[in-house]
Amino acid sequence: MTVQEVDLLCVGAGGAAYPAAFRLAKAGKKVLMVDPKGVMSGNCLYEGCVPSKAVRETAAFYQDAQRFQPYGLGGNLHVDFAALMQHKDAIQERRYAQHAAELAAEPLIRLIKGVARLLDPHTVKVDSDAGTDTYHARHILIASGSDVFIPPLPGAEWCLTSHDLYKPSPAMRALPEKLLVIGGGYIGLETATFFAALGTEVTLLQKGAQILNGMDPGMVNLLLPLLPKGLELRTNVEVQRVENTGTGRRVVWLEDGKEQNQEVDAVLLAVGRRPVIPEGAEALGIAFDHHGIQVGPSLQTRFPHIYAAGDVNGRVPLFHAAVRQSLVAGHNILAGNVPSDYADFDHVPTTIFTLPAAAYIGLTPAKVSPGSLLEARYAFSEDSRAQILERLDGEIRLFFEPGSLRIRGAWIVGIDAGSLIGQVGTAIAGGMTAYDLARFADQHPMSAEGISKAARNLL
Ligand code: ADP
């Protein structure tokens, strides 16, 4: 048995893996990435962020076109769902080709289509179509991500998951007339709004009292009334089972102690994701719980040379957080496993890409004791771009530390929320204050001017 040596072995080739891989290769290190998909970019491109946003933006254009029909955008608008799916598939193909070219240009990185298992703290077995190979890795980056969680629900096999909807060439080629979504987390709610905007009748069932459980109720309460018509949200329900009716699906649930049911064309099961722990990690004694592998801000496990970044550690399961964590791991490897860089898990911009979107970062009122943050608000009803777009709903709300007026957090509901939260994130990362934001002449007539305007409201 020949054992091949590598400086870094990445378990997975998603956003938590390849930034570190490229960083190390740039420093002349030999890297191996292993992923059963055989391509870079993980679930984000395969069935997550990118394909779901391809559907979202088309649905958003459809909404915009309908709103602008009285102003000269006449004509018969209709949704061609098969064409929409082709558009989504084409974006995925294009990005896969782009990533393949990036990989081909870096001779020090090799990607094997296969599955990695940990044998001892430096030995990794890779099972692929070519057989099983053994590697001695100076460093290991566990970046095996997360997968759809399927609860023990009778009839779960009759449900679609985000994987079925967004993977390349999905089976669904026609817009369902009626869709039922089980789960009111961000994936369920986002998808529910896309389909509602495209014209599907959507019912969403949430187990607890709050949709988007875990997010600031102040922000959620601003968002919910703005969601598309044709979307019905029901909370405090307990789904009992899903049945195959032959032509569609019947979902049976308990609500106020009574059994209810609905027949629909399709059911989306979206009750969360779970970390994917590679085989062998537990036997090595790497600590994990149901959130994932336990790591601190240096991304090291209990073995200083074994790192766990991205969804697999469950700290901030978002692609951009994974990318940053991957770079932190890369920097710490280059520093000889002595931490020299740290991930900030508390200030990661997060957008719920519903229609409209809601976004937040850092501290918001629900996370602190009452009165400990100073609020500054800007309503989109007074915003020139919002008026041009006829989308007056929502607001920018900034949260500052009293006294220093240092910006600590924000939420944004409404137009451009996903872009604006990034701008606030830059301000937070730079340690800026309300004075700094107020002094900055943000561009008119763009929605970002609301950030400086909100800060000026405080002074
Ligand atoms: P992240 O954003 O944290 O990188 P992703 O879920 O996007 O997470 O990517 C993780 C990738 O790791 C997926 O493509 C998944 O198939 C892959 N993977 C999971 N388990 C293994 C394993 N044991 N060996 C190799 N790759 C794995």
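In what follows, residues are counted from 1 in the order of the sequence shown. Whatever order the structure lists them in is the order used to number ligands and atoms, beginning at 1.
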Check your understanding: If you measure every N/O of G42 against every N/O of ligand 1, is any gap under 3.5 Å?
Key -> no

**Report entry** P365 side chain reached by F399 side chain, heavy atoms, under 4.5 Å
**Finding:** yes

message: One thing to verify: whether R117 and D127 come together as a salt bridge, which I'm taking to mean a side-chain N less than 4.0 angstrom from a carboxylate O.
response: yes

Numbered in order shown, the ligand 1 atoms found under 4.0 Å of a heavy atom of G12 are 12 (O), 17 (C), 25 (C), 26 (N)

- Tell me, with the steps shown, if I451 and Y378 meet side-chain contact (heavy atoms from CB on, under 4.5 Å). CA-CA 8 Å; I451 296 172; Y378 175 80; over 6 Å; no

| field | Chi angles and distances behind the side-chain contact (heavy atoms from CB on, under 4.5 Å) call for L189, L233 | value | CA-CA 9 Å; L189 191 68; L233 304 176; 3.9 Å; yes

Counting only nitrogen or oxygen atoms and a 3.5 angstrom limit, does A17 reach ligand 1? no

Counting from 1 in the order shown, the ligand 1 atoms closer than 4.0 Å to a non-hydrogen atom of C44 are 7 (O)

_F380 side chain reached by D393 side chain, heavy atoms, under 4.5 Å_ = no

Can you find an N/O atom of A322 closer than 3.5 Å to an N/O atom of ligand 1? no

G310 heavy atoms within 4.0 Å reach ligand 1 at atoms 3 (O)

for atom 3 (O) of ligand 1, nearest protein heavy atom and its distance come out as D311 N, 2.8 Å

Geometric cation-pi criterion R56 and F353, 6.0 Å radius, 45° cone
no

With heavy atoms and a 4.0 Å threshold, my read on which part of P317 contacts ligand 1 is neither

(message) I'd like to know if R406 pairs up with E401 as an ion pair, taking the criterion as any Lys NZ or Arg NE/NH1/NH2 lying under 4.0 Å from an Asp or Glu carboxylate oxygen.
(response) no

Check ion pair D341-R324 (N to O, under 4.0 angstrom) = yes

What one should report as the nearest heavy-atom pair of S447 and R385 is N-CD, 3.7 Å

The closest protein heavy-atom partner of atom 19 (C) of ligand 1 is S144 O, 3.3 Å

Numbered in order shown, the ligand 1 atoms found under 4.0 Å of a heavy atom of V276 are 19 (C), 20 (N)

Any heavy atom of N43 under 4.0 Å from ligand 1? The part involved is both

Ligand 1 to V11, heavy atom cutoff 4.0 Å, flagged ligand atoms 22 (C), 23 (N), 24 (N), 25 (C)

Review point. Is it true that D7 and K30 make a salt bridge, defined as a side-chain N closer than 4.0 Å to a carboxylate O?
Key: no

Ranked by distance from atom 16 (O) of ligand 1, the top protein heavy atom is K37 NZ, 3.2 Å

If we number the atoms of ligand 1 from 1 as shown, the ones under 4.0 Å from a heavy atom of G14 are 4 (O), 9 (O)

Nearest non-hydrogen protein atom to atom 8 (O) of ligand 1, with distance, is G145 CA, 3.3 Å

Let me see the working for L111 and I109 under side-chain contact (heavy atoms from CB on, under 4.5 Å), right down to the final yes or no. CA-CA 7 Å; L111 170 60; I109 304 178; 5.7 Å; no

Carboxylate-amine/guanidinium contact K26 E106, below 4.0 Å: no

Logged contact type for A16 with ligand 1, heavy-atom cut-off 4.0 Å, is both

Near S146 (heavy-atom distance under 4.0 Å), the atoms of ligand 1 are 6 (O)

Any N or O of D35 closer than 3.5 Å to N or O of ligand 1: yes

Ranked by distance from atom 24 (N) of ligand 1, the top protein heavy atom is A116 N, 2.8 Å

Salt-bridge test for E190 and K53: reply yes if a basic N is under 4.0 Å from a carboxylate O, no otherwise. yes

Residue, atom and distance of the protein heavy atom nearest atom 25 (C) of ligand 1 read V34 O, 3.2 Å

The protein heavy atom nearest to atom 27 (C) of ligand 1 is P36 CD, 3.5 Å

Numbered in order shown, the ligand 1 atoms found under 4.0 Å of a heavy atom of A143 are 10 (C), 11 (C), 12 (O)

